[in-house]
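Below is one structure, written out as structure tokens; the observations come after it.
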Amino acid sequence: MPGTRWIRLLTENDCRLEICTDPKTILSVDDILALIGDRCDGVIGQLTEDWGEVLFSALRRAGGTAFSNMAVGYNNVDVEAANRNGIAVGNTPGVLTETTAELAASLTLAAARRIVEADQFMRAGLYDGWLPHLFVGNLLKGQTVGVIGAGRIGSAYARMMIEGFKMNLIYYDLYQATRLEKFVTAYGHFLKANGEQPVTWKRAATMEDVLREADVISLHPVLDKTTYHLINPERLAIMKKEAILVNASRGPVIDEVALVEHLKANPMFRVGLDVFEDEPYMKPGLDDMKNAVVVPHIASASKWTREGMATLSALNILGKIKGYPVWGNPNQVEPFLDENATPPPACPSIVNAKQIGLPSAKL
């Protein structure tokens with residue numbers, strides 16, 4: 001885990017910190033059981049670990065009361081099992097928004113302008129002079145960006161693409177993104193006042209409307225039964241032949257086998273992927289697709305964000321051990337991240353606080 005502040009916060013509060021140094025990227029349940037041993041007050045874990053009844057009951061027997069994922073998502077955690085064992089489950093929201101949105105924007109640009117293909121071409125020594133048709137890609141300015149899931153990250157991404165490239169917006173979300181709509185409206189007025197074409201926004205009635213109309217589609221939904229294979233053969237078929245699809249949310253929202261077939265049949269269709277259906281593996285054929293930009297789940301991988309995630313994870317554990325209440329707004333975590341100040345006496349974010357009866361702090 002990056003940084004050292006999270007270590008200091010724990011050790012300066014009388015915690016003995018045991019850090020796993022096993023070179024394995026993904027620990028098995030048996031590995032973690034051995035690490036828990038017969039005395040463990042809390043665990044900071046990774047999203048690659050499968051935390052269910054076996055581990056939570058073992059943690060409880062070892063005297064533990066807290067587990068924190070070093071991630072905002074917790075699809076790897078059986079929260080009901082944690083509830084049964086009285087274990088607080090922490091996560092790290094409020095620190096990943098801009099970093100994740102920037103990575104989605106980066107994937108969009110890389111796919112649109114064929115950056116990875118061009119880089120490989122140069123490194124292979126194949127460039128022998130400028131040509132009019134060499135790596136012709138997509139212009140973003142004035143095109144339509146579609147966002148599926150206009151929460152914090154989806155809205156941040158939309159703002160980057162709208163303000164940066166003067167793209168029009170179409171979005172689909174179960175809830176109205178009022179702040180995003182107001183931003184696009186105000187920015188449109190600004191552009192018009194300066195003699196430029198104003199940008200527009202539209203809240204789509206269906207997800208299919210976004211897929212049909214947008215030139216770039218970025219996926220930002222939560223992963224549940226309703227969003228599993230959200231992008232399937234039928235929905236891929238209604239997208240524009242030269243569309244760009246970006247996913248920095250959760251891998252299983254895309255049917256990856258169907259995506260590979262679509263990429264093969266539509267060479268001008270491009271994707272930028274940070275997550276995959278069966279991580280750490282890609283479905284067969286995806287790595288051969290020149291019209292796919294693939295990176296290894298690095299959406300949150302800025303130094304500031306990863307160090308912040310480590311800090312929030314540590315403070316979730318420390319707060320539960322010391323009996324602190326739960327912070328009132330887990331998306332406003334700046335007070336916990338100020339290195340020059342003592343963190344508030346609270347757990348930054350406990351997802352099952354109500355279920356296990358933890359009190360809330362007053363802001």
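What you see below is based on every heavy atom in this structure, not just the backbone, and it leaves out hydrogens, waters and symmetry mates. Numbers here simply count residues along the sequence, with the first being 1.
The shortest non-hydrogen separation linking Met207 to Ile148 is CG-CD1, 3.4 Å. Contact between Met239 and Ala243 at its shortest, heavy atoms only, is CE-CB, 4.2 Å.
When atom types are taken as modelled, the side chain of Arg39 and the backbone of Gly63 share no donor-acceptor pair closer than 3.5 angstrom. In this structure a side-chain-to-backbone donor-acceptor pair under 3.5 Å is missing from Asp119 to Val116. Side-chain N or O atoms of Asn266 include none that pairs as donor or acceptor with a backbone N or O of Phe269 at under 3.5 Å. Under a 3.5 Å cut-off, the side chain of Asn316 and the backbone N or O of Asn91 do form a donor-acceptor pair. Proximity of a side-chain donor or acceptor of Asn232 to a complementary backbone N or O of Glu234 within less than 3.5 Å is detected. No donor-acceptor pair closer than 3.5 Å links the side chain of Asp215 to the backbone N or O of Gln143. Without hydrogens or angle criteria, Asn291 side chain to Leu263 main chain gives a donor-acceptor distance under 3.5 Å. Distance alone, capped at 3.5 Å, places no donor-acceptor pair between the Arg114 side chain and the Leu134 backbone. Side-chain atoms of Asn138 do not come within 3.5 Å of backbone N or O of Leu109 as any donor-acceptor pair.
Ion pairing of Glu196 with Lys192 is absent here, as no side-chain N (NZ or NE/NH1/NH2) approaches a carboxylate O to less than 4.0 Å.
A heavy-atom distance below 4.5 Å is not found between the side chains of Val253 and Tyr228. Contact annotation: the side chain of Asp255 never approaches that of Ile231 to less than 4.5 Å [non-hydrogen atoms, C-beta and beyond]. You'll find the side chain of Val295 stays beyond 4.5 Å of the side chain of Leu273, heavy atoms only. Between Met309 and Trp6 there is no side-chain heavy-atom pair separated by less than 4.5 Å. Contact annotation: the side chain of Leu59 never approaches that of Asn85 to less than 4.5 Å [non-hydrogen atoms, C-beta and beyond]. You'll find the side chain of Glu163 stays beyond 4.5 Å of the side chain of Val199, heavy atoms only. Annotation: side chain of Thr100 is not in contact with side chain of His220 (no heavy-atom distance under 4.5 Å). Met167 has its side chain within reach of Val216: a pair of non-hydrogen atoms, C-beta onward, lies under 4.5 Å apart.
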Query raised in the report: Going through the distances and angles, do Lys202 and Leu169 end up as a side chain to side chain contact (heavy atoms under 4.5 Å, CB included)?
Result: CA-CA 6 Å; Lys202 174 183 177 182; Leu169 171 68; over 6 Å; no
**Report entry** salt bridge (Lys or Arg N to Asp or Glu O under 4.0 Å) assessment of Arg5 paired with Glu307
**Finding:** CA-CA 8 Å; Arg5 183 172 181 246; Glu307 290 185 0; over 6 Å; no
Requested in this report: Would you check, one step at a time, whether the test side chain to side chain donor-acceptor pair (under 3.5 Å) holds for Asn69 with Asn76?
Outcome: CA-CA 9 Å; Asn69 235 20; Asn76 60 308; 2.8 Å; yes
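Ring orientation note: the planes of Phe336 and Trp327 are nearly perpendicular, at an angle over 60° on the 30°/60° scale. Between Phe56 and Trp51, the ring-plane angle classifies as tilted under the 30° and 60° cut-offs. Between Tyr127 and Phe121, the two ring planes are perpendicular [angle over 60°; tilted spans 30° to 60°].
Atom OG of Ser218 is separated from atom CD1 of Ile153 by 10.0 Å, given to the nearest 0.5 angstrom.
If you chain together hydrophobic residues whose side chains sit under 4.5 Å apart, Ile217 and Ile170 fall into the same group. In the hydrophobic clustering of this structure, Val271 does not group with Val275; members are Ile, Leu, Val, Met, Phe, Trp, Tyr whose side-chain heavy atoms approach within less than 4.5 Å, directly or through other members. Linking ILVMFWY side-chain heavy atoms closer than 4.5 Å, directly or via other members, places Tyr172 and Trp201 in two distinct hydrophobic clusters. The hydrophobic cluster containing Met1 also contains Leu17, counting ILVMFWY residues as joined when their side-chain heavy atoms lie under 4.5 angstrom apart, directly or transitively.
For the pair Arg159 and Phe183, the distance from NZ or CZ to the six-membered ring centre is under 6.0 Å and the angle to the ring normal is within 45 degrees.
With ring centers used as reference points, Phe276 lies 6.0 Å or more from Tyr281.
Under the side chain to side chain contact (heavy atoms under 4.5 Å, CB included) test applied with Ser68, the options Pro348, Ser349, Ser313 reduce to a single match, Ser313. For the side chain to side chain donor-acceptor pair (under 3.5 Å) criterion with Thr305, the lone passing option out of Thr99, Thr92, Thr97 is Thr99.
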